[in-house]
Peer 1: 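Just passing along the structure, written as structure tokens.
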Amino acid sequence: MGISRYRTYRQIADLPQLVGQYVQLRGWIADRTDKGRLQFLRFRDGSGFCQLVVFQPEVPAEVFEAARSVTQESSVIVGGIVRQDERAPGGYELQVRELQIMQLAQGYPITPKEHGVEFLLEHRHLWLRSPRQHAIMRVRAAVIRAICEFLDSNGFIRIDAPILTAAACEGTTTLFELDYFDLGKAYLSQSGQLYAEAAAMAHGRVYTLGPTFRAERSKTRRHLTEFWMVEPEAAFFDLEDDMDLAEDLVEYIVQYVLRHCERELRTLGRDLSRLERIRRPFYRMTYTEAVELIQRKGVKLHRKLPDGREEMVDFPWGEDFGAPQEEAIMEEFDKPCIIHRYPAAVKAFYMKRDPDNPELVLAMDMLAPEGGGEIIGGSQREDDYEALLQRIREHGLPEEAFRWYLDLRLYGSVPHSGFGLGIERTVKWITGVQHIRETIPFPRMLYRLVP
RNA sequence: UCCACGGUAGCUCAACGGUUAGAGCACCUGGCUGUUAACCAGGGGGCUGUGGGUUCGAAUCCCACCCGUGGAGCCA
């Protein structure tokens, strides 16, 4: 693809093909430094970053003066000759001949120096312009593109689930509540899965992609109150198929990002060899095997006693894994690991029991290496009407709200499976950033709703 | 929600209960033909989060509140 027919202008991304030519660019001054008669302006136009060089004898006095007076983040129209030069960051620079200031910015708060987290989050609307944030958002876009490309080309139909819902998908987690006209309370969706299951009975293979909400008062570098999830759901898939699909999808995402975002990953200082290694097959183990591994490694469980004191105990079979256990498991692996067949007691009501052991459900989680944590949670779904009804009652869920969901087991019920992949956690793992708040344009967290 | 830590210049941080609360960066002025977080010289910049208390004297000690950070639990 070349330059489009739109009345857009040449972009920094096009510079390698325009060496020696006169071009006009529109964008912003990211930073500047001057050496008397020679000035260097770091310039960005959205497509990337490049250096502008303004040398006094080569430009009219008013152009040199404009370059001298331009401030950080002022918007400009600039024209000049494209040059390839090893000394230029990125390899290309513009030898400026004309410079016109569109708007002179005053007192831009974010400098190229160090800033604290709080300050940067207060200025998220401006922070997005910084090279690192720019790179992360491009990787995020590539991750979503890879997901859609992979699923669309493998027979999955995108079906969008509602965001306003009448009841919980999983009774355990907290929901954001709001008033819905005369119908009482509505809730922001915490998962599109139940709707994906209905759609899978219509289309066979489907996926939902969109924001989900959890009103958990969790405060860690892995949590947002609003995050995006892709949830594939496929009729006739059993747990094995589900795990295969999860592996294929994650391999595709990582290799796609490597192919399309190498520059961004380098900007982020990511070790590319660690990502190149992400090829099938990944690792798999049962929950029971994982518990044995944890016990062998001597990782204890931090437990709170009724009187408020805390104690450290050997990890017992039947407990769900916390962050310390997941980290201990993933110390052993350089590729993602799927853990499957969890105790039914710690998992959601809709998961199918393991026919070989009724204490277990056919669930699976995928953990990413290098501190990536849990990026996928999925299962084969309960497809028997009576069994599902019993689970709903055991969990104390409002039966009426799940009427339509139970219907799916009355009219041509089939085995089916699916999973949810957290977009932000995946971006966090692939980019190697330390905190999930940098993987979404405007993070929503326990103590952050603005900007 | 629980545990720990923090709030001082626009930003990042110093300052034993004791002169007029300092430094680097940013900003402004001047100098420099290759800067990569340039460098050199000069300049302006403060209700020490809020309220109360202890004291001859509080940024510093005590109490409450507000705001934030890291982690736990829960989860993707």
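Just so we're on the same page: letters track the sequence lines, and every chain starts at 1.
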Peer 1: Under a 3.5 Å cut-off for both contacts, is C32(B) paired Watson-Crick or G-U wobble with anything, and if yes, with which nucleotide?
Peer 2: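 In the structure as shown, C32(B) has no Watson-Crick or wobble partner.
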Peer 1: Rounded to whole angstrom, note down the C1' distance from G51(B) over to C13(B).
Peer 2: 27 Å
Peer 1: Which whole number of Å gives the distance between the C1' atom of U48(B) and that of C61(B)?
Peer 2: 16 Å
Peer 1: From the list G10(B), U36(B), C75(B), which nucleotide is the closest neighbour of the side chain of Arg87(A)?
Peer 2: U36(B)
Peer 1: Quick one: label Tyr447(A) by what it contacts on the DNA or RNA (base, sugar-phosphate, nothing), any heavy atom closer than 4.0 Å.
Peer 2: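 Contact class for Tyr447(A): sugar-phosphate only.
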Peer 1: Using the P atom in both, what is the distance from C39(B) to A26(B), to the nearest Å?
Peer 2: 7 Å
Peer 1: Would the base of C75(B) count as contacting Asp320(A) through its side chain, where contact means a donor and an acceptor less than 3.5 Å apart?
Peer 2: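 No, no donor-acceptor pair under 3.5 Å.
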Peer 1: Please name the residue in the list Glu331(A), Glu292(A), Glu327(A) that meets the salt bridge (Lys or Arg N to Asp or Glu O under 4.0 Å) test with Lys297(A).
Peer 2: Glu331(A)
Peer 1: Can you figure out which of U35(B), G73(B), C75(B) approaches the side chain of Glu326(A) most closely?
Peer 2: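 My answer, after comparing the listed nucleotides, is C75(B).
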Peer 1: So Arg68(A) and Asp34(A), salt bridge (Lys or Arg N to Asp or Glu O under 4.0 Å) or not? Walk me through it.
Peer 2: CA-CA 8 Å; Arg68(A) 239 171 58 83; Asp34(A) 101 58; 5.1 Å; no
Peer 1: Please determine, for the side chain of Lys35(A), which listed nucleotide (C11(B), G68(B), G34(B)) has the closest atom?
Peer 2: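 Closest of the options to the side chain of Lys35(A): G34(B).
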Peer 1: Is any side-chain N or O of Arg437(A) closer than 4.0 Å to OP1 or OP2 of G70(B)?
Peer 2: yes
Peer 1: Would you mind pulling out the nucleotide paired to C27(B), Watson-Crick or G-U wobble, both distances under 3.5 Å?
Peer 2: G43(B)
Peer 1: For the pair Lys300(A) and Asp314(A), find out whether any cationic side-chain nitrogen is under 4.0 Å from an anionic carboxylate oxygen.
Peer 2: yes
Peer 1: Looking for any heavy atom pair under 4.0 Å, which part of the strands does Asp31(A) touch: base, sugar-phosphate only, or nothing?
Peer 2: sugar-phosphate
Peer 1: Write down the distance separating the P atoms in A15(B) and U54(B), rounded off to the nearest Å.
Peer 2: 28 Å
Peer 1: Looking at every strand, decide which applies to Gln72(A) at a 4.0 Å heavy-atom threshold: base, sugar-phosphate, or nothing.
Peer 2: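 If one applies the 4.0 Å heavy-atom cut-off, Gln72(A) turns out to touch nothing in the nucleic acid.
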Peer 1: Is Lys335(A) close enough and on-axis enough to Phe282(A), meaning under 6.0 Å and within 45°, for cation-pi?
Peer 2: no
Peer 1: May I ask you to say what Pro89(A) touches in the nucleic acid, namely base, sugar-phosphate or nothing, with a heavy-atom cut-off under 4.0 Å?
Peer 2: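 Since a base atom lies under 4.0 Å of Pro89(A), the category is base.
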Peer 1: Between C2(B) and G22(B), how far apart are the two P atoms, rounded to whole Å?
Peer 2: 41 Å
Peer 1: Using the side-chain heavy atoms of Gln95(A), tell me which of these nucleotides is nearest: G34(B), C75(B), A72(B).
Peer 2: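 So the side chain of Gln95(A) is nearest to G34(B).
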Peer 1: For Arg42(A) and Gln51(A): C-alpha separation, side-chain torsions, deciding distance, then whether side-chain hydrogen bond (donor to acceptor under 3.5 Å, both in side chains) applies.
Peer 2: CA-CA 5 Å; Arg42(A) 209 153 54 80; Gln51(A) 170 170 283; over 6 Å; no
Peer 1: Please determine, for A72(B), whether a Watson-Crick or G-U wobble partner exists with both distances under 3.5 Å, and give it or none.
Peer 2: U1(B)
Peer 1: Using the C1' atom on both, measure A38(B) against U33(B) and round to a whole Å.
Peer 2: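 Their C1' atoms lie roughly 14 Å apart.
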Peer 1: Reckon Arg37(A) touches a base, only the sugar-phosphate, or nothing at all at heavy-atom distances under 4.0 Å?
Peer 2: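 Since only primed, P, OP1 and OP2 atoms lie under 4.0 Å of Arg37(A), the category is sugar-phosphate.
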Peer 1: For nucleotides C67(B) and U50(B), find the distance between their P atoms and express it as a whole number of Å.
Peer 2: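 Roughly 15 Å separates the two P atoms.
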Peer 1: Taking the six-membered ring for Trp and the single ring otherwise, decide whether the centroids of Phe315(A) and Phe321(A) are under 6.0 Å apart.
Peer 2: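 Centroid separation for Phe315(A) and Phe321(A): below 6.0 Å.
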Peer 1: Using a cut-off of strictly less than 4.0 Å, decide whether Arg222(A) has a side-chain nitrogen or oxygen near OP1 or OP2 of A72(B).
Peer 2: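 For A72(B), OP1/OP2 do have a side-chain N/O of Arg222(A) under 4.0 Å.
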Peer 1: By nearest atom, which of the nucleotides G34(B), G73(B), C75(B) is closest to the Thr220(A) side chain?
Peer 2: G73(B)
Peer 1: How many whole angstroms separate atom CD of Glu216(A) from atom C1' of A72(B)?
Peer 2: 14 Å
Peer 1: Looking at the side chain of Leu121(A), which of A72(B), G68(B), U69(B) is the nearest nucleotide?
Peer 2: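 The nucleotide sitting nearest to the side chain is U69(B).
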Peer 1: Quick one: does any side-chain atom of Tyr207(A) pair with a main-chain N or O of Ala234(A) as donor and acceptor, under 3.5 Å?
Peer 2: no
Peer 1: Whether the side chain of Gln56(A) and the base of U33(B) hold a donor-acceptor pair under 3.5 Å is what I'd like checked.
Peer 2: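 No such pair is found, so the answer is no.
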Peer 1: Counting side-chain heavy atoms from C-beta on, which of G73(B), G68(B), G34(B) comes nearest to Ser218(A)?
Peer 2: G73(B)
Peer 1: Between U35(B), U12(B), G30(B), spot the one nearest the side chain of Arg68(A), thanks.
Peer 2: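 Nearest listed nucleotide: G30(B).
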Peer 1: Base, sugar-phosphate, or nothing: which does His435(A) touch, judged by heavy atoms less than 4.0 Å apart?
Peer 2: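 Since only primed, P, OP1 and OP2 atoms lie under 4.0 Å of His435(A), the category is sugar-phosphate.
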Peer 1: Stacking check: are the rings of Phe40(A) and G34(B) less than 5.5 Å apart at their centres and under 30 degrees in tilt?
Peer 2: no
Peer 1: In whole Å, I'd like the distance from the CD atom of Gln193(A) to the P atom of A76(B).
Peer 2: 10 Å
Peer 1: How would you label the contact of Phe119(A) with the nucleic acid (heavy atoms, under 4.0 Å): base, sugar-phosphate, or nothing?
Peer 2: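 Answer is sugar-phosphate: Phe119(A) comes under 4.0 Å of backbone atoms only.
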